[in-house]
Amino acid sequence: MKEMLQKILAQNRCWIKYGKVANYIPALAKAEPKHLGISIMNIKGQAVTVGDCCVKFTMQSISKPLALIQALLDSGPVEVFRKVGMEPTGDPFNSIVKLETLKPSKPLNPMINAGAITTTSLIKGKDSIERIERLLKLVRTMAGNKNIGINREMYMSEKETADRNRAMAYFMRDTGVLEGDVEEVLDAYFMQCAIEVSCSDIAAIALCLANRGLTIDGREIVPGDIVRVVTTFMVTCGMYNASGEFAIKAGIPAKSGVSGGIMAVVPGKMGIGVYSPALDERGNSIAGVHVLEDLSAWLDLSIF
Ligand code: GLN
C-alpha cells in the first residue's frame, strides 16, 4: 500500500505547478505550494502515510460537514433544514447571488459559506467560545487527537478580511435565516475554519464517517442517520461547483477546503486525508483531486 501511495504521489506532483495557493485570506498565502501529503486509515485503524503528511494546515471548508453534524446533534434535522436547503448550487462557495434571487430566501446547502455560517448558528452555546468548544470536542473525538486546536493567526487573518462572509451573514439576518448576534456567529465560523489539523487527523475523522459514525473499538460518536446525511452532502456539494465532475471521476464522498486539504470517506473501507495547497480555479487542491482520482481507480473505490 505504501509503495502504491508513493507512486501516486510521485505521478501527481506535476499538477502543483498549474495551481495557485489561495491568498484572499492573507495568512493562507504563506503556505508552501510544493507540499503534498496523503494519509489513509483503514477500517481496522491501520494508517499509511506518505509525503508531507505531518504538515499542519487549517480545515477551512472541511469544517463544514463537522459543523453540520454538531448542528444536527444540537438543533435536530427539522430546525436545521428549515434554515438551510439540500441542493447543490453550481456557484462558487462564496457566492451571494442566490440568497436574493431564490424565494423563500435560504442558503441552498450547508457546504457553501452562507449555509455553513447558518449551521454554525445552530450549534448550541451562549457565545462563540461555547459553540467552538462543542465543535472542537467533536473534532478531537473523531480524530482521536486531543491536541487539535485553533490557529490564531489564521483566525485573526480571516476575521479581519471577511467582508464577503459578513455581507452574507447580515443579509441572512435581514431575511430571518440568521438569528441573534451576527458577529458572534461569524466569530465561531472563523474559528472553525482555523481549526488546525494534519492529513492524518483528516484521515481519522473520515474513517469515523466511513465506519458509520463509530470509533474503531465500536463507540458511537455520530448517529448513523446523521452520517448518511453528511456523506450525501459531501457527494452532491462537497467539492463546490466541481462536485459533479468529481463524483464521476473519483466517486468518493469528499470535502475540500481552500487551505488545500481534502477529506474523503470511502464507506465501510477507509478514511483519506490529502493536503496540497495549490488550488485549481474552483478552489480545490489541484494535485489532491488528481491523487484521489488515481487512488479511486487503483483501488476501485467509487461508490457508484
Ligand atoms: N474560511 C473560508 C471562507 O469562509 C473557507 C472557504 C473554503 O474553504 N472554501 O471563505
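We number each residue from 1, following the sequence as shown. Counting convention: from 1, in listed order, for ligands and their atoms alike.
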**Asked** Around R282, counting heavy atoms of other residues, nucleotides and ligands shown, do more than 12 lie under 6.0 Å from its CZ?
**Response** yes
**Message:** Tell me if the NZ atom of K146 is crowded by more than 12 foreign heavy atoms within 6.0 Å.
**Reply:** no
When the side chains of residues 108-116 are checked against the rest of the protein, which donor-acceptor pairs come out under 3.5 Å, sequence neighbours left out?
unit_1: N109; atom_1: OD1; unit_2: M111; atom_2: N; d: 2.7
unit_1: N109; atom_1: OD1; unit_2: I112; atom_2: N; d: 3.3
unit_1: N109; atom_1: ND2; unit_2: E87; atom_2: O; d: 3.0
unit_1: N113; atom_1: OD1; unit_2: K64; atom_2: NZ; d: 2.4
unit_1: N113; atom_1: OD1; unit_2: Y189; atom_2: OH; d: 3.4
unit_1: N113; atom_1: ND2; unit_2: N165; atom_2: OD1; d: 3.0

Need the list: ligand 1 N/O atoms against protein N/O atoms, distance under 3.5 Å, rounded to one decimal.
unit_1: ligand 1; atom_1: 1 (N); unit_2: Q60; atom_2: OE1; d: 2.6
unit_1: ligand 1; atom_1: 1 (N); unit_2: E158; atom_2: OE1; d: 2.8
unit_1: ligand 1; atom_1: 1 (N); unit_2: E158; atom_2: OE2; d: 2.8
unit_1: ligand 1; atom_1: 4 (O); unit_2: N113; atom_2: ND2; d: 3.1
unit_1: ligand 1; atom_1: 4 (O); unit_2: E158; atom_2: OE2; d: 3.1
unit_1: ligand 1; atom_1: 4 (O); unit_2: N165; atom_2: ND2; d: 2.9
unit_1: ligand 1; atom_1: 4 (O); unit_2: Y189; atom_2: OH; d: 2.7
unit_1: ligand 1; atom_1: 8 (O); unit_2: S61; atom_2: N; d: 3.0
unit_1: ligand 1; atom_1: 8 (O); unit_2: S61; atom_2: OG; d: 2.7
unit_1: ligand 1; atom_1: 8 (O); unit_2: Y240; atom_2: OH; d: 3.4
unit_1: ligand 1; atom_1: 8 (O); unit_2: V258; atom_2: N; d: 2.8
unit_1: ligand 1; atom_1: 9 (N); unit_2: S61; atom_2: OG; d: 2.8
unit_1: ligand 1; atom_1: 9 (N); unit_2: Y240; atom_2: OH; d: 2.7
unit_1: ligand 1; atom_1: 10 (O); unit_2: Y24; atom_2: OH; d: 2.6
unit_1: ligand 1; atom_1: 10 (O); unit_2: N113; atom_2: ND2; d: 3.2

**Asked** Taking the side chain as C-beta and beyond, is there a heavy-atom pair between S95 and T89 under 4.5 Å?
**Response** no
**Prompt:** Going by the salt bridge (Lys or Arg N to Asp or Glu O under 4.0 Å) test, which pairs reach into residues 174-186, not counting sequence neighbours?
**Reply:** K83-E179, R131-E184, R166-E183
Using atom types as modelled, flag every donor-acceptor pair under 3.5 Å from a side chain in residues 249-266 to any protein atom, sequence neighbours excluded.
unit_1: K249; atom_1: NZ; unit_2: E245; atom_2: OE2; d: 2.8
unit_1: K255; atom_1: NZ; unit_2: G238; atom_2: O; d: 2.9
unit_1: S256; atom_1: OG; unit_2: N284; atom_2: OD1; d: 2.5
unit_1: S259; atom_1: OG; unit_2: T58; atom_2: O; d: 2.6

